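Convention: sequence-line order gives letters A, B, ...; per-chain numbering from 1. Fair warning: this is a prediction, and the values are worked out from it, not measured in the lab.
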Amino acid sequence: MSSKKYILEMFPYPSGNIHMGHVRNYVIGDICARYHKLKGDEVIHPMGWDAFGLPAENAAIQFKTHPKDWTLTNIKNMKDQLLKLDLDLDWDRELATCNENYYHYQQELFIDLFNAGLAYKKDAIVNWDPIDQTVLANEQVIDGKGWRTGATVEKKKLSQWFFKITEYAEELLNDLNKLTLWPEKVKTMQKNWIGKSIGAEIKFKIVEKDKYLNIFTTRPDTIYGATFIAVSINHQIVNEMLDTASIEKIRKDFEEVGDDKEKIGINLNLKCKHPILNKEIPIYIANFVLDNYGEGAIFGCPAHDERDYEFAKKYQLPIIKVIDCMDTELPYIGDGKLINSPLLDGLNKDKAIDEIIKFLINSGIGEKKINYKLRDWGVSRQRYWGCPIPVIYYEDGSYRVLDKSELPVVLPYDISLEGKGNALINKESWRKIICPKTNKEAYRETDTLDTFVDSSWYYIRFLNNKLNQPFDPSQANKLLPVDKYIGGIEHAILHLLYSRFFMKALRDIYNLKIDEPFKQLFTQGMITHKTYKTITNEWVMPIEVVSKNGKLLRNKTGETIEEGPCEKMSKSKKNVVEPNEILESYGIDATRVFMISDSPPDRELEWTDEGIQGSKNLVNRIQRYFLKKKGNINLNIEKEIEKFVYNIEKNILNFSLNKCVADIYTLFNYLEKKELYLYDNKLSKKILICLFPIVPKLSLSLNKTLFKSDNIEKWPDVNEDLLIENKIKLPIQIHGKLVTTIDTTKGYSEKEILKTIYQLDKIKNKIQNKKVTKVINVQDKIINIIIN
RNA sequence: GCGCCAGUGGCGGAAUGGUAGACGCGCUGGUCUUAGGAACCAGUGGGCAACCGUGGGGGUUCGAGUCCCUCCUGGCGCACCA
């Protein structure tokens, strides 16, 4: 019975050259794909190009070329290199996200999302990367720095397009449970990123104004201990109270605090009424309040929160204990009985939270609230080389999202990339149009979509890359989800979360039956290599290093070279090996074997010369074996071959590809030891089929030589009866320690075998005149004798 | 700081709670030759032995690399998330 298997490796950014990381990624996928094809499954195994993005623009400026030309040339080069890897890919499904035929339909999806209320525009304080001159998503800011440039990200207020990923926060979180074939680690990362927390939102009346401050808390039980309010610098109330100059001054002061996280605050000279107690508490602007979490405002309960405690100490605010923690030093964060809280006294934390929420609801000053860390996905990018957003603006500031019939909005080719900013803004002839619907003058949206939008649905477009609509829903229902998705763990959050969101959004828009895009996720490990440096700290490529009299020297100059630690292959450290050179020297099969042999595919693989050579030797050895015609053919070896088929299959399915290599060695060690040289018979054919996914070139050529055939036959069914081993070596233990093993057959009688065992010298010596008190016989597994 | 994962020979790594170290690399000794980026044969956890050995210490079990507690070390992720 054949079944559909969609096997996908994360498509590459066309930087110009493939590297060993790509090779490992694609070889892993290729082995799966070839195996499933032999099984008779309907395999989908496409490849394409994640072709929009900033590097093209930067390169265009640097090399005085055009982003499109640069990208297309790179695609051509990389495709040539991939073809040399001889991967079993569906090239007729190929796509590049920068092609009109792709982004046209992405623009349609944008319209779909807009109509579904999942794309919207709003003014927002956004992350601005001053080097790339563009906005970044929250996910693209790491430690306050741009993920590509490393520049400190600035805050800017801009009008931006957003995708409403928060609408799916709960489902994105819950459905992680369905992803049983995903690494736990990735699921944990996504869970933390979504950051669900359950608590309450409480309204605090501002004394001086006819207004309330909304505050989210997970600890409403500590409300009696609230002694101040703190808001973020970007909070609305700050805008109302202070002029822009003062705000900027404070913002600057806050930024100067930097990484040491010292808490500082400014008294806003406003007060809030405590929602329960008859007292007023001050409002501060504080640097530690996040503006993009909750409501950007907190109530401070110094006795039971570390941050609030630190702040209260510094500004001499009262500290009121409301949880009985005996003599434990404050702040005390844990559970305990409530005190100083008339409505809650004596209750424990959880019960107190329930009670206070009831009270807040009844008094109309608060409600139960679930909060997510996840924010909506800002997708506007102020760059040229991306998918144009299908929107036009009128003189009065209003806008219209285009109809599908008005698509595609084609990215103009003739632009100038000189100078800063988005080239589309300066391209007046493109930007300015007459709206066909109103006949009014209008301007195109000049922002383009984040390239993560491109990669959020490419796996659907692969199903039919020529269709005049984004995809065919009935086909999607039939062929999705991707069964095995293979790529680097660096996409654990961004790409994988966005893709999950897209799948769900498209499911709801197009009434699909698919909830998750990737059934199984496999994250392959990096390739590492030793690093080499001269004594003047200059990185040196491995290929330049020679060993002489136990010393490492640079081949050309004779300089002394120091060997550094093994690190991820990177151009900057020059510890790379070029796939082209390896392929030329060792061939594709040996390269494939090495990619999987030295460590499990999800772990780091250290590149070594010995490793690749060993792989080459194995390939040669297999070839030599099959070309030896004479030998001692003994038909009892069926069993060994059957075990081999069984193990290889199991290990491919588990991604334990390193064990597949061990299986190959084990088989050939056995056959050669016994001088069992199979030549053109049934069993050797079986072996060749199992070798095919791993060393396809060799397998094909041997198949041709031995069987005069260009086709590899179907994967053999395993005869499980042959796997059963009747003769066993039974371990004998005394007190759980191995003493000896005896040869016997399965299903031995315990009584009989004990008789034999007690005759053995080793056992006799141990027992001597002691008494056997107990015998544990795990039938066919082990016998453990207990003596007193 | 919080969370997760991992610690096994000289190295990469194997082991449904049941013979620890499969398989490979490296190393040692040997064979052969069309002197190779070979190939083949034998050996290779420690210890002279009894025995000892899966980061340390405890526990559960007839039996623990595997399960539980605790500590140490390393890696990854998150990091003022109220």
Side-chain angles (χ1 to χ4, degrees), chain A residues 142-144 183-197 199-200 215-220 222 226 230 232 257 259 261-263 286-290 292-301 304-308 310-311 333 371-375 489-490 492-493 566 585-586 590 593-594 597-600 603-606 608-618 620-621 624 647 656 658-669 672-673 728-742 773-778 780-787:
Chain A
I142 296 145
D143 290 337
E184 283 305 318
K185 188 180 168 161
V186 174
K187 288 193 276 183
T188 308
M189 283 166 73
Q190 292 212 353
K191 190 177 162 205
N192 292 339
W193 188 264
I194 295 166
K196 179 180 181 175
S197 43
I215 285 175
F216 174 75
T217 176
T218 54
R219 292 297 302 274
T222 63
S232 127
V257 170
D259 290 339
K261 304 202 169 158
E262 190 203 341
K263 295 194 174 23
N287 66 336
F288 66 94
V289 180
L290 302 170
N292 57 0
Y293 185 78
E295 301 291 330
I298 61 147
F299 75 74
C301 175
H304 305 291
D305 183 285
E306 277 172 29
R307 298 153 299 185
D308 300 346
E310 201 185 315
F311 192 78
I333 318 298
N371 194 55
Y372 299 92
K373 206 175 91 179
L374 183 70
R375 306 279 88 193
I489 192 146
E490 65 272 21
I493 292 174
C566 223
S585 310
Y586 297 95
V593 169
F594 183 55
S597 64
D598 275 17
S599 42
R603 268 195 240 174
E604 285 184 356
L605 171 69
E606 185 188 346
T608 59
D609 292 343
E610 292 84 359
I612 182 71
Q613 184 56 47
S615 301
K616 180 70 183 169
N617 293 345
L618 176 64
N620 288 340
R621 180 176 163 193
R624 268 198 314 275
N647 285 332
S656 303
N658 54 322
K659 285 191 251 168
C660 287
V661 179
D663 293 334
I664 296 173
Y665 277 110
T666 307
L667 177 71
F668 285 95
N669 286 349
E672 289 183 332
K673 183 135 207 153
I728 52 169
K729 277 195 183 323
L730 187 70
I732 312 301
Q733 298 180 329
I734 290 182
H735 286 302
K737 277 192 179 179
L738 179 78
V739 178
T740 187
T741 61
I742 60 169
T773 55
K774 196 174 178 186
V775 173
I776 291 127
N777 172 39
V778 183
D780 301 340
K781 278 275 183 194
I782 204 162
I783 289 180
N784 190 10
I785 297 165
I786 310 302
I787 52 185

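Separating the OG atom in A:Ser197 from the CG atom in A:Asn371 is a distance of 5.0 Å, to the nearest 0.5 Å. From A:Ile787, atom CD1 reaches atom NZ of A:Lys774 across 14.5 Å, with rounding to the nearest 0.5 Å. Between atom CD1 of residue A:Ile664 and atom CZ of residue A:Arg621 there is a gap of 11.0 Å, rounded to the nearest 0.5 Å. Considering CD of A:Glu306 and CD of A:Glu310, their distance stands at 8.5 Å, rounded to 0.5 Å. Within the model, atoms CG of A:Asp598 and CG of A:Asn658 stand 9.0 Å from one another, a figure rounded to the nearest 0.5 Å. Atom CG of A:Leu667 and atom CD of A:Glu672 lie 9.5 Å apart (nearest 0.5 Å).
The two residues A:Ala230 and A:Val289 have their closest heavy-atom pair at CB-CG2, 3.7 Å. Contact record, A:Leu730 with A:Asp780: CD1-C, 4.0 Å, taken as the closest heavy-atom pair. Taking all atoms of both residues into account, the shortest heavy-atom contact from A:Met189 to A:Ala492 is CE-CB, 3.6 Å.
Shown here, B:G9 is classed syn by the O4'-C1'-N9-C4 or O4'-C1'-N1-C2 angle, which is within 90° of 0.
Spacing between atom NZ of A:Lys373 and atom P of B:G3 amounts to 15 Å, rounded to whole angstrom units. Counting to the nearest Å, the P atom of B:C78 and the CH2 atom of A:Trp193 are 8 Å from each other. Rounded to whole Å, atom P of B:C78 lies 19 Å from atom NZ of A:Lys187. Rounded to an integer number of Å, the gap from CZ of A:Arg603 to P of B:C11 is 15 Å. Note: CG (A:Leu618) to P (B:A38) measures 15 Å, nearest angstrom. Rounded to an integer number of Å, the gap from A:Leu605 CG to B:C11 C1' is 14 Å. Between the CG atom of A:Asn292 and the C1' atom of B:A79 there is a distance of 13 Å, given to the nearest Å. One atom, CZ of A:Phe288, and another, P of B:A79, lie 18 Å apart when rounded to the nearest Å.
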Produce a footprint string for nucleotides 21-36 of chain B: one letter per nucleotide, 5' end first; B if the base is under 4.0 Å from any protein heavy atom, S if only the sugar-phosphate is, - if neither.
-BSSSS----------
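Checked against side-chain contact (heavy atoms from CB on, under 4.5 Å), A:Glu606 has the following partners two or more places apart in sequence or in another chain: A:Thr528, A:Lys530, A:Cys566, A:Thr608.
Only one option out of A:Val739, A:Ile782, A:Ile785 pairs with A:Gln733 in a side chain to side chain contact (heavy atoms under 4.5 Å, CB included); it is A:Ile782.
Contact annotation for A:Ile786: backbone-only contact, meaning every heavy-atom pair under 4.0 Å involves sugar-phosphate atoms and none involves a base. Within the nucleic acid shown, A:Val289 comes within 4.0 Å of at least one base atom, counting heavy atoms only.
For the pair A:Lys673 and B:A42, the criterion of a side-chain N or O lying under 4.0 Å from OP1 or OP2 is met.
For the P atom pair drawn from B:G21 and B:U16, the interatomic distance equals 13 Å after rounding to whole Å. Going from the P atom of B:G53 to that of B:U66 covers 14 Å, rounded to whole Å. For the P atoms, the distance linking B:A79 with B:G74 amounts to 23 Å, nearest Å. A gap of 22 Å separates the P atoms of B:A22 and B:A6, to the nearest Å. A distance of about 12 Å separates the P atoms of B:U70 and B:G3, rounded to the whole Å. Spacing of P atoms, B:C52 relative to B:C2, comes out at 40 Å, to the nearest Å. As rounded to the nearest Å, B:A20 and B:C71 have P atoms that lie 31 Å from one another. Distance check on atom P: B:G77 versus B:U54 gives 31 Å, rounded to whole Å.
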Strictly under 3.5 Å: I want the nitrogen or oxygen pairs between protein and nucleotides 17-19 of chain B, one per line.
unit_1	atom_1	unit_2	atom_2	d
B:G18	N2	A:Gln733	OE1	3.3

Between the protein and nucleotides 73-76 of chain B, list every N/O to N/O distance that falls short of 3.5 Å.
unit_1	atom_1	unit_2	atom_2	d
B:C76	O2'	A:Lys185	NZ	2.7

Nucleotides 45-52 of chain B: which of its N/O atoms have a protein N/O under 3.5 Å away?
unit_1	atom_1	unit_2	atom_2	d
B:C51	OP1	A:Lys766	NZ	2.9
B:C52	OP1	A:Lys737	NZ	3.3
B:C52	OP2	A:Lys737	NZ	3.3

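Mapping A:His735 and A:Ser656 onto RNA chain B by nearest heavy atom places A:Ser656 at the nucleotide closer to the 5' end. With the nearest nucleotide of RNA chain B identified for both A:Gln613 and A:Gly294, A:Gln613 has the one nearer the 5' end.
Using a 4.5 Å heavy-atom threshold, the side chains of A:Ser232 and A:Tyr293 count as separate. Side chains of A:Val661 and A:Leu618 form a contact here, defined as non-hydrogen atoms less than 4.5 Å apart.
Looking only at distances, a side-chain donor or acceptor of A:Lys373 sits under 3.5 Å from a matching main-chain atom of A:Asn192. Looking at A:Asp308, its side chain does come within 3.5 Å of a backbone N or O of A:Cys301 through a donor-acceptor pair. Side-chain N or O atoms of A:Asn784 include one that pairs as donor or acceptor with a backbone N or O of A:Gly736 at under 3.5 Å.
Between A:Ser597 and A:Tyr665, the side chains place no donor N or O within less than 3.5 Å of an acceptor N or O (distance only, hydrogens not considered).
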For RNA chain B, what string of dots and brackets results from 5' to 3' when Watson-Crick and G-U pairs need both distances under 3.5 Å, crossing pairs get [ ], and pairs with another strand get |?
(((((((..(((.....[....)))((((((.......))))))((....))..(((((..]....))))))))))))....
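The cationic group of A:Lys263 lies under 6.0 Å from the six-membered ring centre of A:Phe288 and within 45° of the ring axis, placing it in a cation-pi geometry.
Distances from the side chain of A:Thr217 to the nucleotides B:A14, B:G12, B:A82 place B:A82 closest. Closest to the side chain of A:Asn287, from the set B:C80, B:C78, B:G3, is B:C80.
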